[in-house]
Participant: 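Take this structure, written in structure tokens, and hold onto it; I'll ask about it next.
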Amino acid sequence: MKGDTYSERELIEMIGGDSSHRETAIRYLMQEEIRSRRLSGSLAKLGASPVECEELVNDAFVALIMSVKKGSFKPGSSIWGYLYGAAKNMLWKLRRGKKSEVAMQGYVSITGDVDESVEDHIIRGERKEWLLGIFNQLTDKCRHILHLAFFEEADNQEIADQLDYKSKSVVSVKKSECLKALAKLLKSARSF
Amino acid sequence: MNFYDNIQAYLNNTLSAEDRISFEEEMARDNDLRMTVEEFPVILEAIEASAQDEARTMVQRTRVSFSGQERHPAQRRVLPLRRLSIAATFLVLILAGALIYANLKYSTPALIQSAYTAPSDLGTFQSDNVTNAQWADVMLTWENGKTEEALNLANDFLADHPGDADAIRRVAHLQFQAGNFEEALMLYGSIRQNRQFGNYADFHFALTLIKLDRLAEARDLLSSLAANEEHRFAEEAVGLLERLNSPWRRLAFN
């Protein structure tokens, strides 16, 4: 990658693509951030400590990935403008109070919704932890299949190729079983 | 049709009318399918939470791979200042050390102290093999710290021994030690031609000139002593000249 340069449009396409392209794009952007301190320099001017700067920059990168993958990143928007807006918004939330609790939740709102209250922010964080706990009860295979199918939006044939299944129909059956298993775990966790 | 593959299409209302009816009939028969459809929004939320977690891990991993290359702006400002202050501290310590060294070895009192020699037989004065009681009085008074009184007695002693080079040398020493450098200079000067005490008087005459800050004269005299190999104080004169001309003298407080 050394020496490569990418336009913002290319970077967005890479982030929206498979994990290897996404990692290349994030590495490229992170290198630029560390070289020029575009985000952390601005955050430091707003009073963020070195530790806060690092966490906020990381969180802003996560927000960018989620925004692109969910299709909510507006085409033509500036990547750095988005990252700065997201990081500043998270810093604002930290400053609003309950600093330590919010920091523990990490990134929650991928929309950077300024109107969200700190309390809502924390509740969302707790819900995320609860969902993660249930999702992690699935087998590695199931987690992988569901991730590829519903986050990477890979079709059954692509999943079969990636995970070495004999055919897409095997993936279809496996996916059904994983969905059922997750639904049961969610339902029983809620009733409990 | 695999109904589980079509849950999203069913919920998005993008199934054909025929498939939709078929899907709903299956849901009526299959409780698991119905439950999965009901839970589907939460399932997507859980997958998103997991993807977000994975993205965070990837971002952190990427940052760690650059560790050591980054520095917070505040740290960037602080670091040169810290380095400067460390350098300044070292500089101050080196300068202080140099000043202490220069003053211990090259100040005028240090030069004099290291070069000055008191007469070895100062305690007693004999004339015609008889110990002189008058000089014994002078020294007793001197040793009791009565400087003025001792110097008066010494002058009486000098008057009683006119032209005695040994007597002059002793009194010159007392005058020098009492800080009366003009008197000491005159006395040392008066016996520089003496065969027995002339060499001693030359060198201590030069030391007295240094004390009086008449450095050019002192240098001239020391140079001539140093050039004279037969002079008893030639070696001392060389050493004293070197120290007198040393650059360290510039750092010494005289």
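A note on names: the letters A, B, ... follow the listed sequences, proteins ahead of strands, and every chain is numbered from 1. As the structure is a computational prediction, the values presented were derived from the model and not from experiment.
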Participant: Side chain, backbone, both or neither: which part of Phe3(B) has a heavy atom under 4.5 Å from chain A?
Facilitator: neither
Participant: Nearest 0.5 Å please: distance from the CG atom of Asn31(B) over to the NZ atom of Lys180(A).
Facilitator: 11.0 Å
Participant: Using side-chain heavy atoms (C-beta onward) and a distance below 4.5 Å, is Tyr4(B) in contact with Glu177(A)?
Facilitator: no
Participant: Measure Leu44(B) against the heavy atoms of chain A and call it side chain, backbone, both or neither at under 4.5 Å.
Facilitator: side chain
Participant: With the threshold set at 4.0 Å, does a side-chain nitrogen-carboxylate oxygen contact exist between Lys128(A) and Glu45(B)?
Facilitator: no
Participant: Can you find a pair of side-chain heavy atoms, one from Arg127(A) and one from Val42(B), that are under 4.5 Å apart?
Facilitator: yes
Participant: Give, as side chain, backbone, both or neither, the part of Lys45(A) having an atom under 4.5 angstrom from any heavy atom of chain B.
Facilitator: neither
Participant: Find the distance between CD1 (Ile47(B)) and NE2 (His147(A)) and round it off to the nearest 0.5 Å.
Facilitator: 9.5 Å
Participant: Would you give the length of the straight line joining atom CE of Met58(B) to atom CD of Glu23(A), rounded to the nearest 0.5 angstrom?
Facilitator: 5.5 Å
Participant: Output the option from Val37(B), Asp53(B), Ile43(B) having the highest count of non-hydrogen pairs under 4.5 Å with chain A.
Facilitator: Ile43(B)
Participant: Say you draw a straight line from CD of Glu54(B) to OG of Ser19(A); how long is it, rounded to the nearest 0.5 Å?
Facilitator: 8.0 Å
Participant: Which one wins on heavy-atom pair count under 4.5 Å against chain B: Ile134(A), Ile26(A), Asn136(A), Ile65(A)?
Facilitator: Ile26(A)
Participant: Where is the tightest heavy-atom contact between Ala49(B) and Leu131(A), given as atom of each residue plus distance?
Facilitator: CB-CB, 4.4 Å
Participant: Among Leu185(A), Val173(A), Leu132(A), single out the residue with the greatest number of heavy-atom pairs under 4.5 Å to chain B.
Facilitator: Leu132(A)
Participant: Can you see which heavy atom on Asn58(A) is nearest to which on Arg63(B), and at what distance?
Facilitator: OD1-NE, 2.8 Å
Participant: Do Ser65(B) and Arg27(A) come within less than 4.5 Å of each other through their side chains, counting heavy atoms only?
Facilitator: yes
Participant: If you compare all heavy atoms of Asp5(B) against all heavy atoms of Ser172(A), which two are closest, and at what distance to 0.1 Å?
Facilitator: OD2-OG, 2.8 Å
Participant: Could you tell me if Arg56(B) sits above the aromatic ring of Phe61(A), with its cationic atom closer than 6.0 Å to the ring centre and no more than 45 degrees from the axis?
Facilitator: no
Participant: Under a 4.5 Å cut-off applied to non-hydrogen side-chain atoms, are Glu39(B) and Leu179(A) in contact?
Facilitator: no
Participant: Answer yes or no: are there more than 12 heavy-atom neighbours, outside His21(A) itself, under 6.0 Å from its atom NE2?
Facilitator: no
Participant: If we ignore angles and hydrogens, is there a donor and acceptor under 3.5 Å between the side chains of Asn2(B) and Ser176(A)?
Facilitator: yes
Participant: Are Lys70(A) and Glu48(B) ion-paired here, with the side-chain N under 4.0 Å from a carboxylate O?
Facilitator: yes
Participant: Rounded to the nearest 0.5 Å, what separation is found between the CE atom of Met35(B) and the CG atom of Leu186(A)?
Facilitator: 9.0 Å
Participant: Which region of Lys175(A), side chain (C-beta onward) or backbone (N, CA, C, O), has a non-hydrogen atom less than 4.5 Å from a non-hydrogen atom of chain B, or is it both or neither?
Facilitator: side chain
Participant: Should we count CZ of Arg29(B) as having more than 12 external heavy atoms under 6.0 Å?
Facilitator: yes
